[in-house]
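Worth saying up front: this structure is predicted, and the values here are computed from it rather than measured. Quick note on labels: first sequence line is chain A, next is B, and so on, each numbered from 1.
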Number of protein chains: 2
Amino acid sequence: MDEIRNDDNKKETRNTRQKKLIIDCLNKYGSNHMTVEEIFNLIQQQDTQISIATVYRNLRLLEEQGLVNKVFVADDATAYYEIKDAASSHSHHHLICRQCGAIIDFEDDLLEALEKMITLTKGFQVQDHHVAFYGICRDCTEKNKAAQDAVEKPAPDEARQ
Amino acid sequence: MDEIRNDDNKKETRNTRQKKLIIDCLNKYGSNHMTVEEIFNLIQQQDTQISIATVYRNLRLLEEQGLVNKVFVADDATAYYEIKDAASSHSHHHLICRQCGAIIDFEDDLLEALEKMITLTKGFQVQDHHVAFYGICRDCTEKNKAAQDAVEKPAPDEARQ
DNA sequence: ATTACAACTGATAATAAATAGCGACAATCT
DNA sequence: AGATTGTCGCTATTTATTATCAGTTGTAAT
Ligand SMILES: [Zn+2]
Ligand SMILES: [Zn+2]
Ligand SMILES: [Zn+2]
Ligand SMILES: [Zn+2]
């Protein structure tokens, strides 16, 4: 009988205005991997009454339902959120820029082979993985190069701001 | 000439009793990836006066000097520490058991290829990476199998504790 | 050994991210 | 409409970590 009662543990979720605002927000800016604060600040412009506790609560619920993705960036204890739509459900990796903090998505499946190897050599049954590459993004690389050039050849005036 | 002046920014570090205790502790249990609390509790047995703030401080210094490694496990906001000796300086990956929480080291270099690809396709200059595989460790897999067997064939008494 | 100076210490306050508790509200179903 | 109960906004709490600060100690030069 216990098993039957267990069906109950998928508690039904409601469609509140606040939840819709959060999903809309993530759909709009979600590819930027937003913090709770950022989400809260944006939503406040449409709903000045909303509480940040509600944002936390809903993000947790949405994550439990598998509708959003909670991303951690080592070295930074705060969570970042993104929509987990059809395209990105296919768990991707993150490129994190040490200069500007940008979090960039990267699709790839090369780790499947590695997972098989781990199961074989370590007896560890891999369910999924979190991968982050740290470095300097394209934009910052270009900015740095420009700044470097400006130093090398004294530069035509406007190069210095 | 700038390079010479840069030597200054390595502020000199001192050899205190507390720092030694922390390194000893990590050398002894370091392969277990300990939390600050765990390190603090163990050291307290040898130095009842030590403050947990000192443990935090020294771990931060040691990490900045590259002597210890700070490991984050997504979904868990607390940091884990391990010694970064010759063997493990060669940045390894972590297998994290969802059942017992074990953090297991895994040596591998297959990601170099992936890093090259990222630089090519995304223009992102990879400096290093953090990789974690989540799943069930060998011990837990075996325990689960044993438990499962115990249910299937009613079991010779001692199987139930 | 004495001195001097900055890095360090222990105790505690402060910060930051996230959660828990609670009375009131409102989404959903009959 | 009425009942149920998930959710809301508010506030207090918890947890991990850092900042502060007066007193201490490692280190190196005298
Ligand atoms: Zn960047
Ligand atoms: Zn992403
Ligand atoms: Zn395990
Ligand atoms: Zn490790």
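- Of the side-chain N and O atoms in A:Thr16, none sit less than 4.0 angstrom from OP1 or OP2 of C:dA27.
- Taking atom CD on A:Glu12 and atom C1' on D:dT7, their separation rounds to 12 Å, with Å as the unit.
- Residue B:Ser51 places none of its side-chain N or O atoms closer than 4.0 Å to OP1 or OP2 of C:dA11.
- Rounded to an integer number of Å, the gap from B:Gln65 CD to C:dA7 P is 13 Å.
- Using cut-offs of 30° and 60° on the angle between ring planes, the pair B:His130 and A:Tyr134 is tilted.
- Residue order along DNA chain D, read from the 5' end via each residue's closest nucleotide, puts A:Lys19 first among B:Lys70 and A:Lys19.
- A continuous path of hydrophobic side-chain contacts links A:Ile39 to A:Ile83 [ILVMFWY only; heavy atoms under 4.5 Å].
- Taking atom CG of B:Leu61 as the reference point, atom C1' of C:dA7 lies 9 Å away to the nearest angstrom.
- Residue A:Asp47 contributes atom CG, which lies 14 Å from atom C1' of C:dA26 at whole-angstrom precision.
- Looking at heavy-atom distances under 4.0 Å, A:Leu59 makes no contact with the nucleic acid at all.
- Residue A:Gln49 contributes atom CD, which lies 6 Å from atom P of D:dC10 at whole-angstrom precision.
- Heavy-atom nearest nucleotides on DNA chain C were determined for A:Arg60 and for A:Glu37, and the one closer to the 5' end corresponds to A:Glu37.
- Using a 4.0 Å heavy-atom criterion, one finds that B:Ile50 contacts the sugar-phosphate atoms exclusively.
- With rounding to whole Å, A:Glu38 atom CD is found 16 Å from C:dA16 atom P.
- When rounded to the nearest whole Å, the span between CD1 of A:Ile52 and C1' of C:dA20 equals 16 Å.
- A donor-acceptor pair shorter than 3.5 Å can be found between the side chains of A:Thr54 and A:Arg57.
- For B:Tyr56, no side-chain nitrogen or oxygen approaches OP1 or OP2 of D:dT18 to under 4.0 Å.
- Taking 4.0 angstrom as the limit, A:Thr54 places none of its side-chain polar atoms (N or O) nearer than this to OP1 or OP2 of D:dT7.
- Checked against A:Glu82 for a side-chain contact (heavy atoms from CB on, under 4.5 Å), the options A:Met34, A:His92, A:Lys70 give a single hit: A:His92.
- Between B:Gln18 and the phosphate of D:dT25, there is no side-chain N or O to OP1/OP2 separation shorter than 4.0 Å.
- Regarding contacts with the backbone of C:dA17, every side-chain N or O of A:Thr35 stays at 4.0 angstrom or more from both OP1 and OP2.
- For B:Phe40 and D:dT15, the CZ to P distance is 16 Å, given to the nearest whole Å.
- Between D:dA19, C:dC8, C:dA27, one nucleotide has an atom nearer to the side chain of B:Ala53 than all others, and that is D:dA19.
- The shortest distance between the side-chain N/O atoms of B:Asn15 and the OP1/OP2 oxygens of C:dC8 is not below 4.0 Å.
- A salt bridge is absent between A:Lys122 and B:Asp105: the closest approach of a Lys/Arg side-chain nitrogen to an acidic carboxylate oxygen does not fall below 4.0 angstrom.
- Residue side chain A:Arg57 does not reach the base of D:dG6 through any donor-acceptor N/O pair under 3.5 Å, judged by distance alone.
- Aromatic ring orientation, B:His93 versus B:Phe106: tilted (interplanar angle from 30° to 60°).
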